[in-house]
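Hydrogens, waters and symmetry mates are skipped; everything else that's a heavy atom, side chains included, is used. Just follow the structure's listing: the first ligand is 1, and inside any ligand the first atom is 1. Computed from a prediction, not measured in an experiment: that's the story for all the values here.
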Amino acid sequence: MKKTQFNIKQLVRKNILHLKPYSSARDEFTDFDQDMVFLDANENPYENGVNRYPDPQQKSLKKIIASQRKVSETNILLGNGSDEVLDLIFRAFCEPGIDNIITMPPTYGMYKVLANINNVEEQQVWLEENFQPDVEAILAAENSDSKLLFICSPNNPSGNLIEQKRIEELLDRFSGLVIIDEAYIDFTDRKSWVEGILRYPNLIVTQTLSKAYGLAGIRLGICYASEEIIDVLNKIKPPYNVNELTQQRALQRIIEEDQIKDEVSAIIKGRIQLEEALSTIDFVEKIFRSDANFILVRVDDANKRYDQLIKNGIVVRNRSTQPLCENTLRFTVGAKEENEKLIQVLMTISKS
Ligand SMILES: Cc1ncc(COP(=O)(O)O)c(C=O)c1O
């Protein structure tokens, strides 16, 4: 069934549609080609590198990201981590106490937390046993107040990519916005959905510099969508949501493309070696196929194995309380020595 014509204005909360956004000093005066004296933002004039407010539109950073990802700068919004981007999406499109969102557990826990914070009902449609979405069940759960559908691909915590055909079907048939969270996309060969924003007006893709780019500490998340959607999010974002130090550090790092590629290759190699080693551990019952920088593993007794790892100085994530994840541990792929230590400890405890 084909949905009716997509109209973003029908999805935006009414108060946001009519909102007059805050206009910052740096937003108001941008058109200068000579050395200006800036006495407009009540800053301290003595230079120390960060005494001025940052660029609210992060133009230099967007320019590079746009050229690397082959989209226009007007299709990009940057945030204080992708968690901020996700929160902005809730606040722009979900009417508290009325609207709902659809998530597909087991998946990234922040979708649910953000729904709770924003007083938006979360409808859960579990992934199938193979961690792929049940398209018909999702569409059956959808109602006229369903505003957002979250697809995490590669999915956290299972590590798998979501099949392209199922995503296409959801994009074609879900009436609200479809958010594809690509936090781990750089660890797979599969193409990003970013260029899909030109074909699907209801698509939002989120990415982050926290994983492959090695910049979790600076907090930089990226949102790609149609200009119309980006305009709405721009209206409600805090004026200076990406600080100057983050912008500078991201600019330095994002051009180190070879270095980033080498690190990603090393992580993928580490993942393959870890998978091989894990298959020799007798209490490991299943290793789920991963396209990310972590591996989900089913063990005989996750609580017991988790405690044993902690006693040996290794912290992993116990995902056993998640749907379909009984007795599972999630191992992030570390540096070579860290992976070796993990394997050595797993071998030792398996013999005890
Ligand atoms: C699927 C997924 N999306 C988003 C995030 C958060 O990213 P950021 O650090 O950009 O807020 C994470 C972090 O673990 C994640 O697993």
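- For Ser146 against Asn100, the heavy-atom pair with the smallest separation is OG-OD1, 2.8 Å.
- Annotation for Gln124: atom CD counts as buried by contact number, over 12 foreign heavy atoms lying within 6.0 Å.
- Here is the list of ligand 1 atoms found below 4.0 Å of a heavy atom in Cys152: 1 (C).
- Every atom of ligand 1 is numbered from 1 in the order shown, and the set under 4.0 Å from a heavy atom of Asn156 is 16 (O).
- Not a single heavy atom of Ala216 sits closer than 4.0 Å to an atom of ligand 1.
- Within ligand 1, the atoms closer than 4.0 Å to a non-hydrogen atom of Thr208 are 7 (O), 8 (P), 9 (O), 10 (O), numbered from 1 in the order shown.
- The environment of Glu47 atom CD is dense: over 12 non-hydrogen atoms of other residues, nucleotides or ligands sit within 6.0 angstrom.
- In terms of polar-atom proximity, Asp83 is counted as a contact of ligand 1, with an N or O under 3.5 Å from an N or O of the ligand.
- Close approach of ligand 1 to Gly81 is summarised as follows: ligand atoms under 4.0 Å from at least one heavy atom of the residue are 10 (O), 11 (O).
- No N or O atom of Tyr108 sits closer than 3.5 Å to an N or O atom of ligand 1.
- Here Ala183 has side-chain heavy atoms under 4.0 Å from ligand 1, and that is the only part of it that gets that close.
- Aromatic ring orientation, Phe131 versus Phe288: perpendicular (interplanar angle above 60°, classes split at 30° and 60°).
- Residue Tyr184 has at least one heavy-atom neighbour below 4.0 Å for each of these atoms of ligand 1: 1 (C), 14 (O), 15 (C), 16 (O).
- Of all protein heavy atoms, the one closest to atom 13 (C) of ligand 1 is Lys211 NZ, 3.1 Å.
- Judged by distance alone, the side chain of Arg13 and the main-chain N or O of Arg91 form a donor-acceptor pair under 3.5 Å.
- Both tests hold for Arg305 against Phe283: distance to the six-membered ring centre under 6.0 Å, angle to the ring axis within 45°.
- Annotation: cation-pi pair Arg26/Phe38 present, NZ/CZ under 6.0 Å from the ring centroid and within 45° of its normal.
- The nearest heavy-atom contact from the protein to atom 7 (O) of ligand 1 is Ser82 OG, 3.0 Å.
- In terms of protein heavy-atom proximity, atom 9 (O) of ligand 1 is nearest to Ser210 OG, 2.6 Å.
- Closest to atom 3 (N) of ligand 1 among all protein heavy atoms lies Asp181 OD2, 2.7 Å.
- At a 4.0 Å cut-off, at least one heavy atom of Arg219 sits close enough to ligand 1 to count as contact.
- The aromatic rings of Tyr108 and Tyr111 sit perpendicular to each other, their planes meeting at more than 60°, with 30° as the lower class boundary.
- When the options Leu215, Leu209, Ile254 are evaluated for a side-chain contact (heavy atoms from CB on, under 4.5 Å) with Leu220, the one that passes is Leu209.
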